[in-house]
Amino acid sequence: EILSGLVGSEMCIRDRSPITPIVHIIQNCNSPCIMCDCWKVKEKNFHNCNILKKLFYDLKNKGALSIMLSGGEPLMHPDLEAIIISLKDLDLGCELNTNGLLLHKNLWLLEYNIDEIVISMDSTSAEGYKTIRGLNKFNLVWQNFDKIKTIKPEQNIGIRITVTKEILYNLQDTINFFLNKGVNYIGFSPLDTISSSFSRTNNNKNRSKYLSCLLYTSPSPRDQRGSR
């Protein structure tokens with residue numbers, strides 16, 4: 001039950017685990033992304049550290065070498081430090097998938113030798129970022145990136161990009177932009193337009209059609225994030 005409820009991977013089955021399973025430690029988020037409804041969850045909804053410790057132990061026994069902590073926004077978990085310590089106690093690597101908005105308030109992370117900090121960043125412009133992420137925080141995220149690299153230049157920081165038409169039509173320019181920023185690697189995620197993942201309880205045909213506009217046609221000026 002723990003494995004099926006917390007681990008975001010179809011590969012996680014009874015007798016084996018991915019090398020680096022993604023564990024969603026919290027549902028809440030502080031970024032109103034167009035393709036995700038985690039930010040709409042008002043009550044605090046996160047997994048208890050003791051439950052996560054058991055999960056990490058089980059995953060290690062099934063072959064995991066490291067864990068990627070995700071959400072929601074994992075930097076909003078009240079016991080994040082204890083969670084990271086539990087990974088270190090098990091000699092498991094730790095990766096962190098974040099939107100980057102709170103990194104400047106969590107510089108203590110650098111004391112724990114996080115293997116990878118993966119920042120979700122879906123555009124090379126402030127305008128494109130706001131279209132996807134719903135906030136005018138493009139510059140803040142890059143300021144946080146620069147701050148970490150200044151404090152700890154050897155810290156690996158990657159970028160995870162949701163693939164939209166902006167990315168597809170400008171792929172080489174996108175790659176060059178991020179490499180010139182000094183990121184250590186770039187990863188791509190498909191734009192999910194139809195599933196109920198990302199806490200999307202109201203992912204009806206109209207919303208799926210609108211999300212598809214980010215791939216095939218020009219999106220309208222007004223998005224369909226719904227009431228906040």
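Not measured: the values here are computed from a predicted model.
- The list of ring pair (Phe, Tyr, Trp, His ring centres under 6.0 Å) pairs with a residue in residues 48-69, not counting sequence neighbours, is empty.
- Taking every heavy atom of both residues into account, Leu59 and Pro21 meet most closely at CD1-CG, 3.8 Å.
- Considering all non-hydrogen atoms of both residues, Ala64 and Leu92 come closest at O-CD2, 3.4 Å.
- Between the CD1 atom in Ile157 and the CD1 atom in Ile148 there is a gap of 4.5 Å [rounded to 0.5 Å].
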### Query
Going through the checks in order, is the side-chain contact (heavy atoms from CB on, under 4.5 Å) test met by Leu69 and Ile84?
CA-CA 9 Å; Leu69 303 177; Ile84 293 173; 4.1 Å; yes
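- A donor-acceptor contact closer than 3.5 angstrom is absent between the side chains of Thr174 and Thr124.
- At least one side-chain heavy atom of Ile159 sits under 4.5 Å from a side-chain heavy atom of Ile119.
- Residue Glu127 qualifies as open at atom CD: its count of foreign heavy atoms under 6.0 Å is 12 or below.
- Asn97 places a side-chain N or O within donor-acceptor distance of the main-chain N or O of Val118, the cut-off being under 3.5 Å.
- Applying the side-chain hydrogen bond (donor to acceptor under 3.5 Å, both in side chains) rule to Asn106 yields the partners Trp108; only residues at least two apart in sequence or on another chain are considered.
- When every heavy atom of Ser125 is checked against every heavy atom of Gly128, the shortest pair comes out as OG-N, 3.0 Å.
- Hydrophobic clustering of Ile, Leu, Val, Met, Phe, Trp and Tyr side chains at less than 4.5 Å, counting indirect connections, unites Ile83 with Leu110.
- The number of heavy atoms from other shown groups lying within 6.0 Å of CG (Asn61) is above 12.
- The nearest pair of heavy atoms linking Ser123 to Glu166 is OG-OE2, 2.9 Å.
- The side-chain hydrogen bond (donor to acceptor under 3.5 Å, both in side chains) check on Asn176 picks up Gln172, with sequence neighbours excluded.
- Under the 4.5 Å side-chain criterion, counting only non-hydrogen atoms from C-beta, Phe188 is in contact with Leu171.
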### Query
Is there a side-chain contact (heavy atoms from CB on, under 4.5 Å) between Arg133 and Met35 once you walk through the steps?
CA-CA 9 Å; Arg133 298 267 150 193; Met35 62 284 193; 3.8 Å; yes
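- Scanning all heavy atoms of the two residues, the minimum distance from Lys53 to Ser86 falls at CG-CB, 3.6 Å.
- Judged purely by atom type and a 3.5 angstrom limit, Asn28 has no side-chain atom pairing as donor or acceptor with the backbone of Gly72.
- A donor-acceptor pair under 3.5 Å links the side-chain atoms of Gln155 to the main chain of Ile114, judged by distance alone.
- Checked against side-chain contact (heavy atoms from CB on, under 4.5 Å), Asn144 has the following partners two or more places apart in sequence or in another chain: Leu103, His104, Leu140.
- In this structure, the side chain of Asn184 does not engage the main chain of Gly158 through any donor-acceptor pair within 3.5 Å.
- In this structure, OH on Tyr129 lies 8.5 Å from CG on Asp122, to the nearest 0.5 angstrom.
- Lys137 places no side-chain N or O within donor-acceptor distance of the main-chain N or O of Leu101, the cut-off being under 3.5 Å.
- Between the side chains of Lys54 and Asn48, not a single donor N or O lies within less than 3.5 Å of an accepting N or O.
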### Query
Run the side-chain contact (heavy atoms from CB on, under 4.5 Å) check on Phe178 and Ile161 step by step: do they pass?
CA-CA 10 Å; Phe178 288 119; Ile161 305 170; 3.5 Å; yes
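- Here Leu107 contributes atom CG and Ile151 contributes atom CD1; the two are 4.5 Å apart, rounded to the nearest 0.5 Å.
- No side-chain heavy atom of Met68 sits less than 4.5 Å from a side-chain heavy atom of His24.
- The distance from the CZ atom of Arg160 to the CD1 atom of Ile186 is 12.0 Å, given to the nearest 0.5 Å.
- Ile22 and Ser70 make their closest contact through CG2-CB, 3.6 Å (heavy atoms, listed as atom of the first residue, atom of the second, distance).
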With a cut-off of 3.5 Å and sequence neighbours excluded, list every side-chain donor-acceptor pair involving residues 73-81.
{"unit_1": "Glu73", "atom_1": "OE1", "unit_2": "Thr98", "atom_2": "OG1", "d": "3.2"}
{"unit_1": "Glu73", "atom_1": "OE1", "unit_2": "Asn99", "atom_2": "N", "d": "2.8"}
{"unit_1": "Glu73", "atom_1": "OE1", "unit_2": "Asn99", "atom_2": "ND2", "d": "3.1"}
{"unit_1": "Glu73", "atom_1": "OE2", "unit_2": "Leu75", "atom_2": "N", "d": "3.1"}
{"unit_1": "Glu73", "atom_1": "OE2", "unit_2": "Thr98", "atom_2": "OG1", "d": "2.8"}
{"unit_1": "His77", "atom_1": "ND1", "unit_2": "Asp79", "atom_2": "N", "d": "3.0"}
{"unit_1": "His77", "atom_1": "NE2", "unit_2": "His47", "atom_2": "O", "d": "2.8"}
{"unit_1": "Glu81", "atom_1": "OE2", "unit_2": "Tyr112", "atom_2": "OH", "d": "2.4"}

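- Evaluation of the ring-ring contact (aromatic ring centres under 6.0 Å, His included) rule for Phe145 yields Trp142 as partners, not counting sequence neighbours.
- Expressed to the nearest 0.5 Å, how far CD1 of Ile51 lies from CD1 of Ile25 amounts to 13.0 Å.
- Atom NZ of Lys147 sits in a sparse spot, with 12 or fewer heavy atoms from other residues, nucleotides or ligands closer than 6.0 Å.
- Placement of Leu179 and Val163 within a single hydrophobic cluster is found when ILVMFWY residues are connected by side-chain heavy-atom separations under 4.5 Å, directly or transitively.
- To the nearest 0.5 Å, atom CG of residue Leu102 and atom OG of residue Ser31 are 10.0 Å apart.
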